[in-house]
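Ligands are counted one by one from 1 in listed order, and the atoms in each one are counted from 1 as well.
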Amino acid sequence: MQGSKRAYIVILGSLMSGLGKGIVTSSIGKILQGRGLRAVPIKFDGYLNVDCGTMNPFRHGEVFVLDDGTECDMDFGTYERFLNVTLKGQNSITGGKIFKHVIEKERKGGYLGYDVQIVPHLTDEIKGWVRGVGETFNADVVLIEVGGTVGDLENGYFIEAMRQLSLDERVVFVQLTYVPALVTGEQKTKPSQHANRLIASLGIHPEIIICRIEGKLGPNERKKISMFCNVPEEAVIDDPNIATIYELPLLFEKNGLARILLNKLRMKAKRRDLKEWKGIVNRVKKPKKKITVGITGKYTRVKDSYISISEALVHAGASNNCDVEIRWIETSEIEDKGDLSELKGCDGIIVPGGFGARGTEGKIRCIQHAREKKIPYLGLCFGMQLAVVEWARNVKGLKGANSTEIDPKTPHPVIDLLPEQMKITEKGATMRLGGHDIEVKDGSKAHAVYGKKIIRERFRHRYEVNPEYISKLEGEGLVFSGKAPGREIMQIMELTNHPFFMASQFHPEFTSKLEEPNPLFREFVKACLK
Ligand code: GLN
């Protein structure tokens with residue numbers, strides 16, 4: 001960027017949730033990046049939780065973990081996957097976090113003499129926070145995604161803070177809206193017009209309207225939105241159904257969004273360059289081969305609870321030129337009926353992260369099947385712990401072996417609480433969280449996969465391989481090939497007598513990017529192709 005000062009783009013959702021605001025925000029960031037600008041996202045969420053760590057993924061979608069250990073909304077995964085950035089807890093503002101901050105400041109006497117109010121005290125803190133993120137990341141553009149929908153009680157004060165920000169800073173407001181079609185195919189713009197008025201009543205004038213729509217917005221409808229919402233026609237941008245979410249930046253660029261934004265922000269930037277991105281998107285759209293991967297899980301009915309895994313498979317698929325079809329396998333059924341027929345035709349099996357006992361015996365059955373039938377296996381966190389349990393029981397003859405999370409009275413606690421977890425009773429942000437280094441064993445498969453000795457991946461767990469059982473478990477093909485430097489925490493296990501059987505105590509899905517697939521996923525998919 002050439003000398004101009006920092007700008008802010010605020011993305012507001014209107015009419016309803018579920019329009020893919022995170023994907024829109026990420027795509028805007030990508031086209032700005034493609035123009036050589038440093039774009040960094042912030043997400044505001046109105047709930048009073050401080051972070052997402054205590055939320056049920058079944059209700060709220062996946063809990064995404066940042067390198068600094070912040071447990072946040074799954075949109076952060078989308079940002080990192082699109083923008084190739086490593087975000088911090090600072091990028092996530094929740095209602096709980098900002099109120100906590102203000103109340104703690106009040107207790108310390110930070111507002112001595114004043115009655116602390118939503119305006120100006122809370123809104124000032126928000127503005128300060130938003131500017132602070134711009135500073136930390138030395139951003140050219142800060143993208144601010146406002147969670148929820150305009151009109152919600154929860155985000156009103158935040159939107160007010162953004163209005164105030166626009167008095168001092170260069171701010172462009174973007175309205176994301178939905179244009180429904182009747183059975184006759186007729187597109188209806190009236191809801192968007194009303195939503196626009198609602199935003200106007202808050203003193204905000206969106207300069208760009210992004211329309212979530214099935215197909216293409218008709219010329220008359222574009223005219224209507226333009227006229228009633230007070231924006232030029234070219235600033236009414238389509239957000240249609242597409243083959244892959246990663247195509248959206250290309251579509252936005254093609255429809256002139258980057259040019260319009262740069263004009264509005266009065267920023268000069270390079271010519272567009274999304275060539276590499278485009279190449280990968282083409283591979284996602286036109287894969288040469290296809291595999292099926294079975295993923296077991298408790299929340300299989302809500303795909304959002306495993307979104308980072310399915311995206312990591314898209315990335316790994318693109319780099320292997322193949323389409324990865326996911327088959328979600330509900331293991332409580334395998335457990336009840338003992339029927340493994342759902343695994344038929346799976347080229348590989350993943351057991352992802354999880355908590356609690358339900359469905360675990362079914363998962364263990366799937367792992368045994370993968371091990372014995374030499375089907376590629378990838379275990380993620382809980383998926384490694386259960387692979388160790390399966391190995392202990394069926395190979396090492398440790399009858400009744402289990403994790404103490406599942407069976408506190410097991411005769412062979414091969415998986416047990418981390419020592420530092422013993423005294424913890426609070427639930428918020430108390431797991432072993434975030435990025436940690438891993439020492440990879442020379443000559444192991446993990447070494448071949450990652451190509452280096454020290455790697456960094458993200459964790460979210462309370463339990464680990466019980467150090468007392470390590471020597472009993474090793475041998476006959478099992479190798480713990482990744483360890484915490486200087487500590488006895490086992491972080492990768494692999495079987496040497498199997499085409500691909502690898503499991504990690506960390507979550508490799510959290511570091512996978514479209515342009516940089518995670519090596520474990522990439523090699524797993526490669527193994528499934530064989
Ligand atoms: N429940 C296990 C633990 O706490 C696994 C956690 C996970 O899979 N994220 O260690």
Side-chain angles (χ1 to χ4, degrees), residues 51-58 60-67 69-72 74 77 295-300 304-309 312 331 349-364 366-367 377-390 392 401-408 410 413-436 438 457-467 469 480 482-484 487-493 502-512 518 520-521:
D51 58 41
C52 285
T54 55
M55 291 186 196
N56 180 345
F58 202 7
H60 189 76
E62 169 187 273
V63 178
F64 189 78
V65 180
L66 299 179
D67 187 73
T70 303
E71 297 172 288
C72 52
M74 58 182 219
I295 306 184
T296 67
K298 190 153 84 164
Y299 306 121
T300 47
D304 276 357
S305 23
Y306 297 114
I307 188 79
S308 290
I309 298 175
T331 45
I349 294 170
I350 293 180
V351 173
F355 296 83
R358 193 171 76 85
T360 50
E361 288 303 321
K363 290 179 197 174
I364 291 170
C366 294
I367 296 169
Y377 175 71
L378 182 61
L380 310 171
C381 198
F382 204 39
M384 165 167 150
Q385 297 174 356
L386 295 182
V388 168
V389 169
E390 191 277 321
N402 216 330
S403 162
T404 51
E405 178 182 5
I406 300 158
D407 177 8
T410 167
V414 288
I415 305 293
D416 201 6
L417 261 188
L418 284 154
E420 65 262 35
Q421 287 285 329
M422 303 278 183
K423 288 189 284 297
I424 295 174
T425 52
E426 277 193 22
K427 292 283 184 231
T430 55
M431 287 190 236
R432 179 169 182 259
L433 287 169
H436 292 280
I438 298 139
E457 291 280 7
R458 299 183 193 173
F459 293 77
R460 183 172 190 253
H461 65 129
R462 291 187 205 282
Y463 292 81
E464 62 162 343
V465 178
N466 187 343
Y469 276 89
F480 288 110
K483 298 181 184 174
R487 286 194 62 183
E488 273 299 271
I489 309 180
M490 300 302 108
Q491 320 209 98
I492 306 177
M493 76 166 267
M502 296 194 73
S504 63
Q505 185 56 78
F506 51 82
H507 291 269
E509 66 271 26
F510 289 151
T511 53
S512 190
N518 179 281
L520 262 182
F521 275 91

**Q** Can Ser504 and Glu457 be counted as having a side-chain donor-acceptor contact under 3.5 angstrom?
**A**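 No, no side-chain donor-acceptor pair sits under 3.5 Å.
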**Q** So, are Lys483 and Glu488 salt-bridged, with charged N and O less than 4.0 Å apart?
**A**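 Answer for the salt bridge query: no.
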**Q** Testing the basics here: between Gly359 and Thr331, what is the closest heavy-atom pair and its distance to 0.1 Å?
**A**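 Heavy atoms only, the tightest pair is O-OG1, 3.1 Å.
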**Q** Can you work out which protein residues put a heavy atom within less than 4.0 Å of ligand 1?
**A**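 Its neighbours under 4.0 Å (heavy atoms only) are Gly353, Gly354, Phe355, Cys381, Phe382, Gln385, Glu405, Arg460, His461, Arg462, Tyr463, His507, given by chain and number.
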**Q** Are Arg462 and Thr430 close enough that a side-chain donor and a side-chain acceptor fall under 3.5 Å?
**A**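 The answer is yes; a qualifying pair exists.
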**Q** Could Arg432 and Phe459 be counted as a cation-pi pair, given that NZ or CZ must be under 6.0 Å from the ring centre and within 45° of the axis?
**A**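 Yes, a cation-pi geometry.
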**Q** Are side-chain heavy atoms of Arg460 and Cys381 found at a separation under 4.5 Å?
**A**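 They are not in contact (no side-chain heavy atoms under 4.5 Å apart), so the answer is no.
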